[in-house]
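What's counted below: heavy atoms across the whole structure, side chains too, no hydrogens, waters or symmetry copies.
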Amino acid sequence: NELLRRTNAFQYSEGDIWELLEGMSSTNQPLMEQCYDYLCSNQSETQRLFSMPSHLQCNHLIKLMKDPTSLPSDSCVE
């Protein structure tokens with residue numbers, strides 16, 4: 001249980017988050033900034049995203065951010 005508590009307490013830095021987004025190869029700067037703001041303010045979702053295999057991260061991030069002004073499904077470049 002102690003190990004689990006310490007693992008859950010880890011927080012990704014803003015630099016870690018930006019690196020992750022750059023790795024998704026999006027050329028849409030406003031979209032990257034929107035994703036960055038979302039992840040910086042949602043640490044539990046950030047942890048979940050970082051734990052996923054890299055080929056699933058982009059689509060998962062889009063699902064997390066879906067709302068009435070949803071992101072286009074082709075936001076991330078493969």
Side-chain angles (χ1 to χ4, degrees):
N1 279 340
E2 181 65 27
L3 179 61
L4 203 52
R5 277 194 297 268
R6 275 190 265 150
T7 303
N8 289 341
F10 181 80
Q11 290 201 347
Y12 289 95
S13 72
E14 292 174 354
D16 294 333
I17 294 169
W18 191 254
E19 252 182 63
L20 175 75
L21 294 172
E22 285 181 325
M24 291 182 184
S25 302
S26 177
T27 57
N28 184 334
Q29 190 72 23
L31 174 64
M32 283 182 65
E33 291 174 12
Q34 183 180 358
C35 292
Y36 174 80
D37 290 341
Y38 175 82
L39 291 172
C40 285
S41 62
N42 292 284
Q43 195 60 225
S44 64
E45 296 297 348
T46 300
Q47 289 175 337
R48 187 172 298 134
L49 189 67
F50 269 87
S51 70
M52 298 179 79
S54 59
H55 67 281
L56 300 176
Q57 290 173 335
C58 180
N59 286 335
H60 183 72
L61 181 57
I62 291 169
K63 286 179 190 176
L64 288 174
M65 297 183 64
K66 286 275 186 190
D67 64 24
T69 59
S70 63
L71 302 173
S73 60
D74 61 349
S75 299
C76 297
V77 176
E78 297 291 329

- Task: Show your reasoning for whether side-chain contact (heavy atoms from CB on, under 4.5 Å) applies to Thr46 and Leu20.
- Result: CA-CA 10 Å; Thr46 300; Leu20 175 75; over 6 Å; no

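- Asn28 and Leu31 make their closest contact through OD1-N, 3.0 Å (heavy atoms, listed as atom of the first residue, atom of the second, distance).
- Under the 30°/60° scheme for interplanar angles, the aromatic rings of Phe50 and Tyr12 are found to lie parallel.
- Taking SG from Cys40 and CD from Glu33, the interatomic distance works out to 11.5 Å, rounded to the nearest 0.5 Å.
- Between the Gln47 side chain and the Gln11 main chain, no donor and acceptor come within less than 3.5 Å of each other.
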- Step by step, would you call Glu22 with Trp18 a side chain to side chain donor-acceptor pair (under 3.5 Å)? CA-CA 6 Å; Glu22 285 181 325; Trp18 191 254; 3.1 Å; yes

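- A distance-only check finds no donor-acceptor pair linking the side chain of Asn42 to the backbone of Glu45 [under 3.5 Å].
- In this structure, Ser41 and Asp37 approach most closely via the heavy-atom pair OG-O, 3.1 Å.
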- Could you walk me through whether Gln57 and Ser54 pass side-chain contact (heavy atoms from CB on, under 4.5 Å), step by step? CA-CA 5 Å; Gln57 290 173 335; Ser54 59; 4.0 Å; yes

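- In this structure the side chain of Ile17 never reaches within 4.5 angstrom of the side chain of Leu49, judged on heavy atoms.
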